[in-house]
Amino acid sequence: NLTIGSGVTSIGMAAFEDCSGLTSVTVNAITPPTLGSYAFESTNNCPIYVPCEAVGRYIEDVTWSNYVSRM
């Protein structure tokens, strides 16, 4: 499991790519962090949890929208 703190503002390119052992990702930031390309590629399609009150922001974000099916 991976938890990304509320103060994180950026996740780099391919930061967690090929981390096939991930079972879930929890992002506590209300404002979606800037997300680099391929940040969560090849992670077994594990679920990505974001704050309920921020789901719309993540869905509307160009890079995070790539993972909307996992949120």
Original post:
What are the two closest non-hydrogen atoms of Ser42 and Asp18, and how far apart are they?
Top reply: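 That would be CB-OD1, 3.2 Å.
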Original post:
Shortest non-hydrogen contact from Ser24 to Cys46?
Top reply: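 Heavy atoms of Ser24 and Cys46 come nearest at N-CB, 3.9 Å.
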**OP:** Say whether, by atom type as modelled, one donor and one acceptor occur between the side chain of Asp61 and the main chain of Thr63 under 3.5 angstrom.
**Re:**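 Present.
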Original post:
Could you give the distance from CG (Asn45) to CZ (Arg70), rounded to the nearest 0.5 Å?
Top reply: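 Here the interatomic distance stands at 5.0 Å.
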**OP:** Starting at CG of Asn66, measure out to OG of Ser37 and round the result to the nearest 0.5 Å.
**Re:**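 The CG atom of Asn66 sits 8.5 Å away from the OG atom of Ser37.
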**OP:** Take Thr31 and Arg57, measure what side chain to side chain contact (heavy atoms under 4.5 Å, CB included) needs, and give me the verdict at the end.
**Re:** CA-CA 7 Å; Thr31 301; Arg57 292 180 190 179; 3.8 Å; yes
Subject >> Qualifying residues under side-chain hydrogen bond (donor to acceptor under 3.5 Å, both in side chains), relative to Ser20, sequence neighbours excluded >> reply: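 side-chain hydrogen bond (donor to acceptor under 3.5 Å, both in side chains) check on Ser20 returns nothing, list empty.
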Subject >> Side-chain cluster (under 4.5 Å, hydrophobic types only) that Met13 belongs to, other residues >> reply: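 Met13 shares its hydrophobic cluster with no other residue.
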Original post:
Cluster partners of Leu35, using ILVMFWY side-chain heavy atoms under 4.5 angstrom, listed by chain and number?
Top reply: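 Members besides Leu35, by chain and number: Leu2, Ile4, Val8, Ile11, Phe16, Leu22, Val25, Val27, Phe40, Ile48, Val50, Val55, Tyr58, Ile59, Trp64, Tyr67, Val68, Met71.
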Subject >> Any side-chain heavy-atom pair of Thr3 and Asn28 under 4.5 Å >> reply: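 SC-SC contact between Thr3 and Asn28 confirmed.
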Original post:
Do Ser10 and Pro33 have side chains that get closer than 4.5 Å, going by heavy atoms?
Top reply: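 Of all side-chain heavy-atom pairs linking Pro33 with Ser10, none is under 4.5 Å.
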